[in-house]
Student: 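The structure follows.
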Amino acid sequence: MMTNVTREFVEGLPKVELHVHVEACISGDTIEELAGELGVPMIRPKSELFRYSSLAEFLSIYEWWVDLLRSEEIAEQVAYVAARQMHGDGIVYAEVFTGPRYWAWLHDHVQIEALCRGFARAHRDGFTDCYLIPSISREQSPEWAMDLVDWMVGVDRVVGLGLDGNEEVLGRTSKKFARAFERASDLGMGRSAHCGESSGPWGVWDGLNFLDLDRIDHGVRAIEDPELVEHLAENRVPLTICPTSNVITGLHESIADGPIDALYRAGVPVTVNSDDPMAMNVSINDEFGNIAEAFDWTTGDILAVQDHAIEAAYCDNEKKAMLRELQRDYAADAGRWPKPGEST
């Protein structure tokens with residue numbers, strides 16, 4: 001079947017995104033400007049700043065530019081600009097990661113609260129409704145992680161706990177954060193972790209077995225283990241997949257070589273996300289367009305995957321119903337709501 005997906009349909013669809021990093025919503029121009037103001041030499045020319053051949057190289061450059069974010073005013077503006085950019089891409093609701101470990105000049109409490117203020121201000125101004133998921137880095141201590149979880153309770157616009165870092169380098173680190181994630185679960189927070197990207201299927205199993213995760217970030221290497229794919233499908237464990245990111249960091253040769261379609265067809269509730277939009281020059285609209293072209297996805301497939309994202313979101317049922325209604329109304333007006341028997 002040939003795709004019936006048009007760019008116009010994708011751009012107009014009121015979308016939900018669950019895997020995007022606020023630190024990667026900063027433009028090269030802004031990074032160059034901040035470096036100039038601080039007298040910090042550019043690590044490489046602006047035209048080369050966002051070119052990477054591996055996850056390790058990306059993380060190294062990423063850490064360099066986040067070090068330029070040295071005040072809570074900058075943090076608040078970073079969040080505000082990110083929400084404004086997402087609004088321009090037709091995203092109505094987003095859950096956004098931040099890695100406090102990278103913000104060396106700000107205490108994590110100050111940094112997180114500043115980002116939340118930026119998101120709140122942006123939403124008041126009519127931009128995307130964004131919520132924050134602070135993410136532990138795998139080299140941090142379990143004690144730090146526990147302190148963060150206890151502090152996050154009740155912080156406005158914080159909805160979950162994340163975990164990231166290069167498992168290929170750091171190894172099987174999930175178990176040491178088990179108590180922090182158990183505490184987050186007890187407190188009603190969402191629990192998500194980057195795994196099955198730099199790690200193989202074992203990273204996903206570790207996340208499920210030790211961290212009580214309710215969704216997996218990336219998780220694409222689950223495809224290497226049929227038993228794991230079956231487990232994810234049967235237990236409706238969502239994957240927040242970022243196809244272009246996996247190509248840029250060298251995991252896949254192309255989007256067509258990635259497993260998102262195979263996982264989707266196997267019944268895994270996959271979602272589509274941009275990961276690092278400015279840093280990788282990709283939007284969620286680009287992702288949907290590229291996937292539709294690579295795998296002949298229809299508008300019904302896109303709506304089904306967006307429904308996965310709504311179901312996986314860390315918001316209440318009332319907001320989920322509102323998001324579904326927005327998408328259904330849009331698709332019906334566009335004449336693209338699936339007919340009986342098609343994917344929904």
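Quick caveat: nothing in here was measured; it's all calculated off a predicted structure.
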Student: Can you tell me how far CG of Leu132 sits from CD of Gln111, rounded to the nearest 0.5 angstrom?
Tutor: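 Atom-to-atom, Gln111:CD and Leu132:CG are 7.5 Å apart.
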Student: Measuring only between side-chain heavy atoms, which start at C-beta, is Ile133 closer than 4.5 Å to Val159?
Tutor: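 Answer yes - side chains close enough.
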Student: Check whether any side-chain heavy atom of Val153 lies under 4.5 Å from a side-chain heavy atom of Met189, and answer yes or no.
Tutor: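 Side-chain contact under 4.5 Å: yes.
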Student: Could you go through the salt bridge (charged side-chain N to carboxylate O under 4.0 Å, His left out) check for Lys46 and Asp29 one step at a time?
Tutor: CA-CA 8 Å; Lys46 183 177 68 173; Asp29 287 339; 2.5 Å; yes
Student: Quick one, Leu239 and Val220 - any side-chain contact, counting heavy atoms below 4.5 Å?
Tutor: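 The answer is no, as the side chains (C-beta and beyond) never meet within the 4.5 Å cut-off.
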Student: How many angstroms lie between NE2 in His21 and CE in Met280, if you round to the nearest 0.5 Å?
Tutor: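 His21 NE2 to Met280 CE: 8.5 Å, rounded to 0.5 Å.
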Student: Can you confirm whether the side chains of Ser245 and Asp275 place a donor and an acceptor under 3.5 Å from each other?
Tutor: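 Per modelled atom types, Ser245 and Asp275 side chains form a pair under 3.5 Å.
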Student: Just by distance, no angles: are the side chains of Thr244 and Glu287 close enough, under 3.5 Å, to form a donor-acceptor pair?
Tutor: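 Glu287 and Thr244 do have a side-chain donor-acceptor pair below 3.5 Å.
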Student: Using distance alone, with no hydrogens and no angle criterion, decide if Trp103 and Glu23 have a side-chain donor and acceptor under 3.5 Å apart.
Tutor: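 Checked: Trp103/Glu23 side chains pair up, N/O donor to acceptor below 3.5 Å.
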Student: If you draw a 6.0 Å radius around CG in Asp147, do more than 12 non-hydrogen atoms from other residues or ligands fall strictly inside?
Tutor: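 Count over threshold, so yes.
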Student: Answer yes or no: is there a donor N or O on one side and an acceptor on the other, between the side chain of Lys15 and the main chain of Met86, under 3.5 Å?
Tutor: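 No.
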Student: When clusters are formed by joining ILVMFWY residues with side-chain heavy atoms under 4.5 Å apart, either directly or through shared neighbours, do Leu303 and Met322 land in the same one?
Tutor: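 No, it is not one cluster - the side chains of Leu303 and Met322 are not joined through contacts under 4.5 Å.
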Student: Does this structure show an ion pair linking Arg221 with Glu167, if we count only N-O contacts that are shorter than 4.0 Å?
Tutor: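 Result for this pair is no, no salt bridge flagged.
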Student: Please assess Asp89 against Glu17 for the test side chain to side chain contact (heavy atoms under 4.5 Å, CB included), listing each intermediate value before the final yes or no.
Tutor: CA-CA 11 Å; Asp89 288 329; Glu17 181 160 24; over 6 Å; no
Student: Please check if Ile216 and Ile223 belong to a single hydrophobic cluster, counting links between Ile, Leu, Val, Met, Phe, Trp and Tyr side chain heavy atoms closer than 4.5 Å.
Tutor: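 The answer is yes; both residues are in one hydrophobic cluster.
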Student: Relative to Phe181, does Arg191 satisfy both conditions: NZ or CZ under 6.0 angstrom from the six-membered ring centre, and within 45 degrees of the ring's axis?
Tutor: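 No, a cation-pi geometry is absent between Arg191 and Phe181.
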Student: Any side-chain to backbone donor/acceptor pair from Ser274 onto Ser283? Under 3.5 Å, distance only.
Tutor: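 Checking the backbone N and O of Ser283 against the side chain of Ser274, no donor-acceptor pair under 3.5 Å is found.
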Student: If the test is side chain to side chain contact (heavy atoms under 4.5 Å, CB included), which one of Val268, Val305, Val272, Leu263 qualifies with Ile241?
Tutor: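 Considering Val268, Val305, Val272, Leu263, a side chain to side chain contact (heavy atoms under 4.5 Å, CB included) with Ile241 is found only for Leu263.
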Student: Mark yes or no for whether His218, through its side chain, and His194, through its backbone, hold a donor-acceptor pair below 3.5 Å.
Tutor: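 Such a contact is absent between His218 side chain and His194 backbone.
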Student: Report, as yes or no, whether the 6.0 Å neighbourhood of atom NZ on Lys175 holds more than 12 heavy atoms from other residues, nucleotides or ligands.
Tutor: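 Not buried by this count: 12 neighbours or fewer within 6.0 Å.
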Student: So do the side chains of Phe210 and Phe177 get within less than 4.5 Å of each other, counting heavy atoms only?
Tutor: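 Side chain of Phe210 against side chain of Phe177, heavy atoms only: no contact under 4.5 Å found.
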Student: Between atom CZ of Arg138 and atom CG of Leu170, what is the distance when rounded to the nearest 0.5 Å?
Tutor: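 It comes to 8.0 Å.
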Student: Check whether Arg84 reaches the backbone of Ala122 with its side chain - one donor and one acceptor, N or O, closer than 3.5 Å.
Tutor: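 Checked: no pair found.
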Student: Do NZ/NE/NH1/NH2 and the carboxylate oxygens of Asp307 and Arg324 come within less than 4.0 Å?
Tutor: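 Judged by the 4.0 Å cut-off on N to carboxylate O distance, Asp307 and Arg324 do form a salt bridge.
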Student: Surrounding CD of Glu318 (heavy atoms of other residues, nucleotides or ligands, distance under 6.0 Å), is the total greater than 12?
Tutor: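 Counting other residues, nucleotides and ligands, CD of Glu318 stays at 12 neighbours or fewer.
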Student: So Tyr314 and Ser192, do their side chains get closer than 4.5 Å, heavy atoms only?
Tutor: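 Result yes, sub-4.5 Å side-chain heavy-atom pair found.
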Student: Under 30°, 30 to 60°, or over 60°: which ring-plane class applies to His19 and Phe97, parallel, tilted or perpendicular?
Tutor: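 Taking Phe97 first and then His19, their aromatic rings stand perpendicular (interplane angle over 60°).
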Student: Indicate yes or no: at least one non-hydrogen side-chain atom of Asp276 is less than 4.5 angstrom from one of Phe58.
Tutor: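 Touching, per the 4.5 Å side-chain cut-off.
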Student: Any Lys/Arg nitrogen of Arg7 or Asp286 sitting under 4.0 Å from an Asp/Glu carboxylate oxygen of the other?
Tutor: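 Here Arg7 pairs with Asp286 in a salt bridge, since their nearest N and O are under 4.0 Å apart.
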Student: Could you tell me the separation between the CG atom of Leu18 and the CD1 atom of Ile91, rounded to the nearest 0.5 Å?
Tutor: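 Nearest 0.5 Å value for the CG-CD1 distance: 10.0 Å.
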Student: Nearest 0.5 Å please: distance from the OG1 atom of Thr98 over to the CG atom of Leu115.
Tutor: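 Answer for the OG1-CG pair, Thr98 versus Leu115, is 5.0 Å.
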Student: Heavy atoms, side chains only, cut-off 4.5 Å: are Trp205 and Asp225 in contact?
Tutor: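 The answer is yes; the side chains approach within 4.5 Å.
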Student: Quick check: does any side chain N or O of Ser137 sit under 3.5 Å from a backbone N or O of Gln140, one acting as donor and the other as acceptor?
Tutor: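 No.
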Student: Quick one: does any side-chain atom of Asp301 pair with a main-chain N or O of Thr298 as donor and acceptor, under 3.5 Å?
Tutor: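 Yes, because the side chain of Asp301 sits within donor-acceptor range (under 3.5 Å) of the backbone of Thr298.
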Student: Any side-chain donor-acceptor pair under 3.5 Å between Thr240 and Asn273?
Tutor: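 Result is no, nothing qualifies.
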Student: Using a distance-only test with no angle check, is there a side-chain donor-acceptor pair under 3.5 angstrom linking Glu8 and Thr6?
Tutor: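 There is no such pair (donor and acceptor under 3.5 Å, judged by atom type) between the side chains of Glu8 and Thr6.
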Student: Taking the side chain as every heavy atom from C-beta outward, state whether Ile291 and Ile302 have any pair of such atoms under 4.5 Å apart.
Tutor: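 In short, these two side chains do not touch, never coming nearer than 4.5 Å.
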Student: By the definition ring-ring contact (aromatic ring centres under 6.0 Å, His included), identify the one residue from Phe127, Tyr131, Phe119 that meets it with Tyr93.
Tutor: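 The single option meeting the ring-ring contact (aromatic ring centres under 6.0 Å, His included) with Tyr93 is Tyr131.
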Student: State plainly whether one hydrophobic cluster holds both Ile284 and Met278, where clusters connect Ile, Leu, Val, Met, Phe, Trp and Tyr through side-chain heavy atoms under 4.5 angstrom apart.
Tutor: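 In one cluster: no.
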Student: Looking at Arg236 and Glu311, is any side-chain nitrogen of the basic one under 4.0 Å from a carboxylate oxygen of the acidic one?
Tutor: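 Here Glu311 does not pair with Arg236 in a salt bridge, since their nearest N and O are not under 4.0 Å apart.
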Student: Look at atom CZ of Arg179 and say whether more than 12 heavy atoms of other residues, nucleotides or ligands are closer to it than 6.0 Å.
Tutor: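 No, because the 6.0 Å sphere around CZ of Arg179 holds 12 heavy atoms or fewer from other groups.
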Student: With Glu168, which residues qualify under side-chain hydrogen bond (donor to acceptor under 3.5 Å, both in side chains), at least two apart?
Tutor: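 For Glu168, no residue satisfies side-chain hydrogen bond (donor to acceptor under 3.5 Å, both in side chains) once neighbours in sequence are set aside.
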Student: Report the residue from Pro201, Ser174, Ser199, Cys195 that forms a side chain to side chain contact (heavy atoms under 4.5 Å, CB included) with Asp206.
Tutor: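 Option passing the side chain to side chain contact (heavy atoms under 4.5 Å, CB included) with Asp206: Ser174.
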Student: Side chain to side chain contact (heavy atoms under 4.5 Å, CB included) between Val204 and Leu213: does it pass, once the steps are laid out?
Tutor: CA-CA 10 Å; Val204 179; Leu213 300 179; over 6 Å; no
Student: Could you tell me whether the side chain of Glu48 and the main chain of Pro45 form a donor-acceptor pair under 3.5 Å?
Tutor: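 Not at all, since once roles are kept as given, no pair shorter than 3.5 Å links the two residues.
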Student: Whether the side chain of Tyr52 engages the backbone of Leu59 through a donor-acceptor N/O pair (distance < 3.5 Å, no angle test) should be reported.
Tutor: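 Checking the backbone N and O of Leu59 against the side chain of Tyr52, no donor-acceptor pair under 3.5 Å is found.
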Student: Mind checking side chain to side chain contact (heavy atoms under 4.5 Å, CB included) for Arg183 and listing every partner two or more places apart, or none if nothing turns up?
Tutor: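 Partners of Arg183 under the side chain to side chain contact (heavy atoms under 4.5 Å, CB included) test: Met146, Val149, Asp150, Leu187.
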Student: Taking Arg51 first and then Glu57, would you say they form a salt bridge - that is, a charged N and a carboxylate O separated by under 4.0 Å?
Tutor: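 No.
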Student: Is the number of heavy atoms from other residues, nucleotides or ligands under 6.0 Å of Trp105 CH2 greater than 12?
Tutor: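 No.
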Student: Walk me through it: do Arg265 and Asp261 pass the test side chain to side chain contact (heavy atoms under 4.5 Å, CB included)?
Tutor: CA-CA 6 Å; Arg265 302 299 173 192; Asp261 185 67; 3.2 Å; yes
Student: Going hydrophobic residue to hydrophobic residue with side-chain gaps under 4.5 angstrom, can you get from Val10 over to Val282?
Tutor: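 Val10 and Val282: one cluster.
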Student: Drop me the distance from Leu211's CG to Asn209's CG, to the nearest 0.5 angstrom.
Tutor: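 Result: 9.0 Å between the selected atoms.
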Student: Do the side chain of Ser135 and the main chain of Leu163 share a donor and acceptor less than 3.5 angstrom apart?
Tutor: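 Confirmed, Ser135 side chain pairs with Leu163 backbone.
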Student: Yes or no on side chain to side chain contact (heavy atoms under 4.5 Å, CB included) for Leu69 and Leu106, after CA distance, side-chain angles and deciding distance?
Tutor: CA-CA 9 Å; Leu69 310 178; Leu106 290 176; over 6 Å; no
Student: Distance only, no hydrogens: is a donor on one side chain within 3.5 Å (strictly under) of an acceptor on the other, for Tyr80 and Asp125?
Tutor: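 Side-chain D/A pair, Tyr80 to Asp125: present.
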